[in-house]
There are 2 protein chains.
Amino acid sequence: MAAKREVSGLEAHLGYWLRRVSNQVSHAFRLKVEACGVSVSEWVVLRELYRPEGASPGALAQSLGMTKGAVSKLVGRLEDKGLATRSPSEVDRRQQAVALTANGRALVPRLAHLADANDEEFFGHLPRPVRDELMRVLRELARTHHLDSAPID
Amino acid sequence: MAAKREVSGLEAHLGYWLRRVSNQVSHAFRLKVEACGVSVSEWVVLRELYRPEGASPGALAQSLGMTKGAVSKLVGRLEDKGLATRSPSEVDRRQQAVALTANGRALVPRLAHLADANDEEFFGHLPRPVRDELMRVLRELARTHHLDSAPID
DNA sequence: TGCAATCAGTTTCCGAGGAAACTATCATGA
DNA sequence: TCATGATAGTTTCCTCGGAAACTGATTGCA
């Protein structure tokens with residue numbers, strides 16, 4: 001019955017380590033992509049828009065797990081940089097279609113290589129089975145808690 | 001030689017999933033601790049200060065992997081909330097000792113329980129060996145890339 | 001000594017994202 | 001048809017943390 005005396009430490013929590021490692025990885029990636037003039041989130045949106053259909057801001061927010069407000073600002077920045085365009089939908093004037101410009105499209109493969117390199121830098125030394133298991137677990141966690149989480153906004 | 005055509009997707013990168021899951025976990029934890037009037041980072045600092053010796057801002061920055069500036073502001077907030085105190089060191093007037101107040105110390109066990117609960121919520125369903133392996137890998141990653149990373153500021 | 005380099009901490013500026021209020025559009029049904 | 005409510009996006013306000021310039025104290029060395 002020493003529960004009252006046991007004050008768990010930071011290192012006891014997976015969430016703590018997750019946050020630290022994630023910050024390290026994202027920070028390193030940020031340094032890589034900023035040479036291309038984009039941020040980590042911008043890369044994510046660009047990659048998501050890479051498929052031919054493009055996407056609406058709402059769909060982006062949904063699939064990327066961020067708020068509408070964040071996506072709105074993100075798309076605005078991409079537009080300012082000449083990497084994406086917004087065009088109003090004709091069937092429903094509330095919606096809009098976001099699409100890559102030629103510049104934006106051309107940038108994605110370069111950024112994808114940087115992402116590959118960053119992953120390799122951080123996780124390349126892990127044995128393949130460990131790496132696969134990590135991927136599996138993270139995907140499962142993302143999926144599991146995405147569903148039962150309160151609608152992201 | 002199709003390398004040029006293969007544009008890797010977001011879901012192919014561990015860094016992407018790490019960031020998403022970490023954000024989910026930290027966000028959920030944030031909701032829990034804000035009832036106690038503190039942020040996630042503040043919890044981290046409070047827990048680190050819980051040991052009897054306290055710590056200096058520089059030591060906190062080092063062990064928590066954040067910049068001096070961030071720690072300085074963090075300690076300032078904790079002081080404003082009456083949870084910590086700054087006192088100048090006598091041997092070296094550049095340094096200062098940060099310590100918890102009685103209120104701050106009393107808060108730590110409560111926050112630790114919330115951290116336990118949050119970890120349980122997200123990772124409790126994982127089989128014990130998977131959870132242990134995840135912990136092992138994350139700790140190793142944090143350690144490995146902490147050392148060879150450019151000095152954090 | 002005394003000047004330069006270093007070191008601890010602070011501050012300023014900036015970009016980023018969440019929450020929530022707000023605008024414009026569309027759907028529903030009384 | 002018109003009021004109500006839902007929906008898509010935008011904007012405002014806020015907090016947060018990093019980068020880098022800055023202050024004051026200390027060390028080292030000429």
Starting at [atom1] of [X], measure out to [atom2] of [Y] and round the result to the nearest 0.5 Å.
X: B/L18; Y: A/L18; atom1: CG; atom2: CG; answer: 5.0 Å
X: B/R94; Y: B/S56; atom1: CZ; atom2: OG; answer: 11.5 Å
X: A/S41; Y: A/L74; atom1: OG; atom2: CG; answer: 5.5 Å
X: B/S26; Y: B/Q24; atom1: OG; atom2: CD; answer: 10.5 Å
X: B/F122; Y: B/S22; atom1: CZ; atom2: OG; answer: 10.0 Å
X: B/M135; Y: A/L14; atom1: CE; atom2: CG; answer: 4.0 Å

What protein N or O atoms touch nucleotides 14-17 of chain C N or O atoms at under 3.5 angstrom, if any, and at what distances?
from	atom 1	to	atom 2	distance (Å)
C/dA16	OP1	A/R77	NH1	3.2
C/dA16	OP2	A/R77	NE	3.4
C/dA16	OP2	A/R77	NH1	3.1
C/dA16	O5'	A/R77	NH1	3.2
C/dG17	OP1	A/S41	OG	2.3
C/dG17	OP2	A/R77	NH2	2.7

Whole-Å distance separating the [atom1] atom of [X] from the [atom2] atom of [N]:
X: B/L64; N: D/dG17; atom1: CG; atom2: C1'; value: 14 Å
X: B/D80; N: D/dT15; atom1: CG; atom2: P; value: 12 Å
X: B/N23; N: C/dG18; atom1: CG; atom2: P; value: 8 Å
X: B/R30; N: D/dT15; atom1: CZ; atom2: P; value: 11 Å
X: B/Q96; N: D/dA25; atom1: CD; atom2: P; value: 13 Å
X: A/E90; N: C/dC26; atom1: CD; atom2: C1'; value: 16 Å
X: A/H27; N: D/dG17; atom1: NE2; atom2: C1'; value: 10 Å
X: A/K68; N: C/dC22; atom1: NZ; atom2: P; value: 14 Å

Select one nucleotide: of D/dA19, D/dA25, D/dG9, the one nearest the side-chain heavy atoms of A/Q95.
D/dG9

Mind listing the N/O atom pairs, protein and nucleotides 1-6 of chain D, below 3.5 Å?
none

Give a yes/no on whether any side-chain N or O of B/S72 is located under 4.0 angstrom from OP1 or OP2 of C/dT10.
yes

Is it true that B/E140 and B/R143 have a side-chain N and a carboxylate O under 4.0 angstrom from each other?
no

Which residue lies toward the 5' end of DNA chain C, B/V71 or A/R93, if each is placed at its nearest nucleotide?
B/V71

Give the ring-plane orientation class for B/W43 versus B/F29, where under 30° counts as parallel, over 60° as perpendicular and anything between as tilted.
perpendicular

In a table with atom names and distances, give each donor-acceptor pair under 3.5 Å that connects a side chain of residues 31-39 of chain B to protein atoms at least two apart or in another chain.
from	atom 1	to	atom 2	distance (Å)
B/K32	NZ	B/N118	OD1	2.7
B/K32	NZ	B/E121	OE1	2.7
B/S39	OG	B/E42	N	3.2

At 4.0 Å (heavy atoms only), tell me whether B/R86 reaches a base, stays on the sugar-phosphate, or touches nothing.
sugar-phosphate

Start at the 5' end of DNA chain D and walk down; is the nucleotide closest to A/A59 or to B/D92 reached first?
A/A59

